[in-house]
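Order of the sequence lines sets the chain letters (A, B, ...), proteins ahead of strands, with each chain counted from 1.
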There are 2 protein chains.
Amino acid sequence: MAQPRPVTRIQRKNRAAILDAALDVFSLKGFDGATVDQIASSAGLSKPNLLYYFPSKEAIYTALLGELLDTWLDPLRALDPGGDPLAEILAYVQRKLEMSRDFPRESRLFANEIIQGAPRIAGELSGTLRDLVDDTAKVIDLWADEGRIARVNPHHLVFSIWSLTQHYADFDVQVRAVLGEGVTDPFPEAEAYLRTMFTRMLTPG
Amino acid sequence: MAQPRPVTRIQRKNRAAILDAALDVFSLKGFDGATVDQIASSAGLSKPNLLYYFPSKEAIYTALLGELLDTWLDPLRALDPGGDPLAEILAYVQRKLEMSRDFPRESRLFANEIIQGAPRIAGELSGTLRDLVDDTAKVIDLWADEGRIARVNPHHLVFSIWSLTQHYADFDVQVRAVLGEGVTDPFPEAEAYLRTMFTRMLTPG
DNA sequence: GTCTATAGACGGATAGAC
DNA sequence: GTCTATCCGTCTATAGAC
């Protein structure tokens, strides 16, 4: 085995700058539409220098995807089966909406990947993701069995939370165009709307 | 003025084949990720022959977008202010969901365009689209004033209908991966879920 | 670690024969 | 209308000097 190289401060800094720049470009253009030149100049590096840190465009992209998938699913993992059902679901909606507000590039990166057929994370989708959603669905069904929330299709409930919250990141341009110049931040209204929507839908009786 | 050329049957057929192939490729790869070669071979033509019908890649793309925008908004235009409020909204949801089922490529084409900053339809979004949504919002507010539906933020209601229905086209791969191999058609369940969701949310009292 | 220079493949678009 | 051949630009990636 080779000795691990000492990682200098400048290495860490450049690697981070590259991944940040790559997130900018890939999330806006998709994998095929992005170019290494755009990433390099956005990171303040020359193209060969960037390729000194990552062996290929593909390697940058998969490094990004791999790091992101886990953090992206954390809010769902945080859902507590022992908590108050409606409060737990509303908290999940809010966390997801906050991620759309604070990490829109990450949301668009995943959206691009899925729309293009998820060629690089198809395995994760039908593995990790599917298992996690199935577990969550069991919890939701149990809550409905106990009469603590109204009965809903649990898988489609999860889909609806994803689509509603991610919409404000992925379709941000459209949301702002429709709301007009007067609205500088659509998120407070979105949060109130989603809270109302899910409360009315899930309150028993 | 030049005389309009007679349009032969083969011209109409090739033009249609090109647009159909372009829809395949652009919806899957986005504008930058698509190549003229892919479109040409998918249409059964050589690259120079394709460029005999359209002057450029850009021209094919804008021709597609222009033709699609109108039909895409037709379901919203069909919403009748004189009809029963809940029935009108549920009918709109259903028409949009049917479009996701029957025209997923069109949905993905728009999704790609918006995610990438809508460089070619920004004007339409803050013009035609915004006016149409504003008119619809007034109708929804009026229905709430009259107590015929529960009060909701009308703009975000429209956003939620878009995001929930288009999700089943744009994120089709993810939906099917999560539901598993047993589910061949997610749409019947989706329709039932959305009908329940909006009925509970909009029923007054 | 970072650069200039460039290889080699592929992109959009055109010329011109048929 | 359709083809082969090709121009020219840009792409990813590498070689090699410093």
Side-chain angles (χ1 to χ4, degrees), chain A residues 2-65 109 112-113 116 119-120, chain B residues 2-65 109 112-113 116 119-120:
Chain A
Q3 284 291 346
R5 293 277 209 77
V7 176
T8 66
R9 292 170 298 289
I10 195 166
Q11 275 180 335
R12 265 198 297 274
K13 182 169 147 288
N14 276 343
R15 231 188 111 88
I18 290 169
L19 288 175
D20 188 72
L23 186 53
D24 271 343
V25 179
F26 282 132
S27 65
L28 210 65
K29 304 286 203 100
F31 181 80
D32 292 311
T35 74
V36 177
D37 256 332
Q38 290 168 339
I39 299 171
S41 73
S42 171
L45 294 170
S46 69
K47 183 162 57 171
N49 197 14
L50 180 147
L51 290 168
Y52 167 80
Y53 288 93
F54 289 88
S56 69
K57 174 182 173 180
E58 179 89 27
I60 308 173
Y61 187 78
T62 53
L64 262 185
L65 268 186
L109 185 80
N112 264 314
E113 175 71 12
Q116 304 187 4
R120 291 165 186 86
Chain B
Q3 285 290 347
R5 293 276 210 77
V7 177
T8 65
R9 291 168 301 287
I10 196 165
Q11 275 178 334
R12 264 198 298 276
K13 181 168 146 286
N14 277 343
R15 232 189 109 88
I18 290 168
L19 288 175
D20 188 71
L23 186 53
D24 270 344
V25 179
F26 281 132
S27 66
L28 209 65
K29 304 286 203 104
F31 181 80
D32 292 312
T35 74
V36 176
D37 256 331
Q38 290 169 340
I39 299 171
S41 73
S42 171
L45 296 170
S46 68
K47 185 162 59 170
N49 198 13
L50 179 147
L51 290 167
Y52 167 81
Y53 288 93
F54 289 88
S56 69
K57 173 182 173 180
E58 179 88 28
I60 309 172
Y61 188 77
T62 53
L64 263 185
L65 269 186
L109 185 80
N112 265 314
E113 175 70 12
Q116 304 187 4
R120 291 165 186 85

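- If you take CG of A:Asp32 and P of D:dC11, they are 13 Å apart, rounded to a whole angstrom.
- Residue A:Ser46 places no side-chain N or O under 4.0 Å from the OP1 or OP2 atom of C:dT4.
- Rounding to the nearest 0.5 angstrom, the gap separating the CG atom in B:Leu50 from the CD1 atom in B:Ile39 is 6.5 Å.
- Side-chain atoms of A:Asn112 and A:Lys29, non-hydrogen and from C-beta on, never get closer than 4.5 Å to each other.
- Across all their heavy atoms, A:Ala43 and A:Ala17 have their closest contact at CB-O, 3.7 Å.
- A:Tyr61 has its OH atom 15 Å from the P atom of D:dA13, to the nearest Å.
- Counting non-hydrogen atoms under 4.0 angstrom, B:Leu45 reaches nothing in the nucleic acid.
- When rounded to the nearest whole Å, the span between CD1 of A:Ile10 and C1' of C:dC3 equals 14 Å.
- For the ring-ring contact (aromatic ring centres under 6.0 Å, His included) test, no residue two or more places apart in sequence or in another chain qualifies with B:Phe54.
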Nucleotides 11-18 of chain C: protein proximity per nucleotide (B base, S sugar-phosphate only, - neither; heavy atom, under 4.0 Å): SBBB----

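- Residue B:Asn49 places no side-chain N or O under 4.0 Å from the OP1 or OP2 atom of D:dT4.
- Here C:dT2 presents its C1' atom at 12 Å from CG of A:Leu50, a figure rounded to the nearest Å.
- Side-chain nitrogen and oxygen atoms of A:Tyr52 include none within less than 4.0 Å of the OP1 or OP2 phosphate oxygen of D:dT14.
- Taking atom CZ of B:Arg9 as the reference point, atom C1' of D:dG1 lies 14 Å away to the nearest angstrom.
- The CG atom of B:Asp37 lies 12.0 Å from the OG atom of B:Ser42; values are rounded to the nearest 0.5 Å.
- Looking at heavy atoms from C-beta onward, A:Tyr61 lies in side-chain contact with A:Glu113 at the 4.5 angstrom threshold.
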